[in-house]
Amino acid sequence: MPNFSLIVTGLAAIASASPLESRFANSYKFYTGDGSAKAGWPAISAWGSYDQMWNTNLPLIQQACANNGGFANNSPAETQSIKDAVKLVSGETGVDERFILAIIMQESKGCVRIKTTVSPDGRVINRGLMQSHNGAGTCFQRNPCPASAITQMIRDGTAGTSTGDGLKQVLATAQRSTGGGSRMYYAAARIYNSGSANFGNLGDGKGATNCYASDVANRFTGWTLAPSQCRA
């Protein structure tokens, strides 16, 4: 005869085990408003771990260069250098490694040879994995890409450069206007993309990518290739 107490205990454990994992999925929800939990945006407790985010994005990173410019795809060593550099720079700056990875996926999909872009007025050059503001790190038209250059790209985008803010600075700006928490990250993503934010409407790209903050929120919860539902 089965031990029903053990069965019940086991079922309870399954039901309560890692609600984070049960919410982490390749799907897209269109978020609107100010980035708050009240407006329906995901709390930090709903985000995946860094390893979850890395593993679910790894197939995209491995093919990112061919799919985004027809460049030679990352070598295994180059891809590992991205993972290592994110953790290193997160430790240096105090910026959550998940936020760094989400911005990398948003800006370059993890292609170390991503093309350098220039602002319409020619004043800002966006280089590297995070398309940083006049950053020094890039491997555009360079193969192989050394680990030092990969680290520099991530450091430029996270710690900032002499002429432009990185994630550390935009987080500080967002914190002052939002009070912190998950909303701070979504507002910071908006600022990183647009240079400023309408904190009541993070879908206002101010001429940049309207869906940027909503995209980042979905990357935290497992979105990779599911069709975007953004209608901003």
Side-chain angles (χ1 to χ4, degrees), residues 14-61 83 86-87 89-90 93-110 130 154 157-158 166-194 196-206 208-232:
I14 292 170
S16 63
S18 192
L20 179 150
E21 290 187 5
S22 67
R23 289 192 294 264
F24 192 81
N26 178 24
S27 61
Y28 192 106
K29 180 179 179 181
F30 177 38
Y31 297 107
T32 62
D34 64 1
S36 65
K38 184 177 180 180
W41 293 63
I44 292 176
S45 59
W47 298 0
S49 66
Y50 178 64
D51 285 339
Q52 278 183 298
M53 287 181 63
W54 177 264
N55 290 334
T56 200
N57 282 288
L58 182 57
L60 279 70
I61 294 170
K83 185 178 184 181
V86 169
K87 296 183 78 69
V89 175
S90 173
T93 61
V95 175
D96 192 309
E97 57 199 4
R98 296 171 295 183
F99 190 38
I100 300 173
L101 180 57
I103 298 301
I104 289 172
M105 296 309 299
Q106 193 70 14
E107 294 289 344
S108 68
K109 304 297 188 293
M130 300 176 72
I154 296 172
T158 305
L167 298 186
K168 182 175 182 177
Q169 291 79 26
V170 298
L171 279 166
T173 299
Q175 184 178 33
R176 289 192 291 271
S177 294
T178 64
S182 57
R183 186 183 172 209
M184 172 184 69
Y185 288 93
Y186 308 134
R190 175 75 282 153
I191 299 168
Y192 189 82
N193 177 240
S194 305
S196 61
N198 173 352
F199 292 104
N201 177 16
L202 299 185
D204 177 5
K206 297 180 175 291
T209 305
N210 289 337
C211 297
Y212 199 96
S214 180
D215 287 354
V216 168
N218 280 279
R219 293 190 188 283
F220 284 137
T221 57
W223 174 57
T224 52
L225 292 174
S228 170
Q229 302 300 317
C230 184
R231 302 180 297 279

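In this text the structure is predicted, and so the values were computed from the model without any measurement. We count residues from 1, following the sequence as given.
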One should read off an interatomic distance between Leu60 CG and Lys109 NZ, to the nearest 0.5 angstrom, of 8.0 Å
Taking all non-hydrogen atoms of both residues, which atom of Ser45 and which atom of Arg23 are closest, and how far apart? O-NH2, 3.0 Å
Polar side-chain atom of Asn26 near backbone of Leu225 as donor-acceptor pair, under 3.5 Å: yes
Please check if the side chain of Ser90 supplies one atom and the backbone of Val95 the other of a donor-acceptor pair under 3.5 Å. yes
Exercise answer: donor-acceptor pairs, residues 29-37 side-chain atoms, under 3.5 Å, sequence neighbours excluded:
unit_1 : atom_1 : unit_2 : atom_2 : d
Asp34  : OD1    : Ser36  : N      : 3.0
Asp34  : OD1    : Ser36  : OG     : 2.7
Ser36  : OG     : Ala39  : N      : 3.1

Could you grab the distance from atom CZ of Arg190 to atom OG1 of Thr209, nearest 0.5 Å is fine? 7.0 Å
Any sub-3.5 Å donor-acceptor pair from Ser49's side-chain atoms to Gln52's backbone N or O? yes
Distance-only, no hydrogens or angles: does the Tyr192 side chain make a donor-acceptor pair with backbone N or O of Leu171 under 3.5 Å? no
Heavy-atom closest pair (Ser196 atom, Lys206 atom, distance to 0.1 Å) is OG-CD, 3.1 Å
What orientation do Phe220 and Tyr185 show, parallel under 30°, tilted 30 to 60°, or perpendicular over 60°? perpendicular
State whether the side chain of Arg183 and the backbone N or O of Phe199 hold a donor-acceptor pair below 3.5 Å, judged by distance alone. yes
So, the side chain of Thr93 versus the backbone of Val89: is there a donor-acceptor pair under 3.5 Å, distance only? yes
Less than 4.5 Å apart, any side-chain heavy atom of Trp41 and any of Ser182? no
So CD of Gln106 and CZ of Phe99: to nearest 0.5 Å the spacing works out to 10.5 Å
Main chain of Pro42, side chain of Tyr186: is a donor-acceptor contact present, judged purely on distance under 3.5 Å? yes
At their closest point, which heavy atom of Tyr50 faces which heavy atom of Lys87, and how far apart are they? CE2-CG, 3.7 Å
Atom pair CH2/NZ of Trp54 and Lys83 - distance to nearest 0.5 Å: 7.0 Å
Please report the shortest heavy-atom distance between Glu107 and Met130, naming the atom on each side. CG-O, 3.6 Å
Closest heavy-atom pair, Ser194 versus Gly205, reported as atoms and distance to 0.1 Å, is OG-O, 2.9 Å
Under 3.5 Å, side chain of Thr221 to main-chain N/O of Asn218, donor-acceptor pair present? yes
Interatomic distance, OG1@Thr158 vs CD1@Ile100, rounded to 0.5 Å, equals 4.0 Å
Nearest 0.5 Å please: distance from the CG atom of Asn210 over to the CG atom of Leu202. 11.5 Å
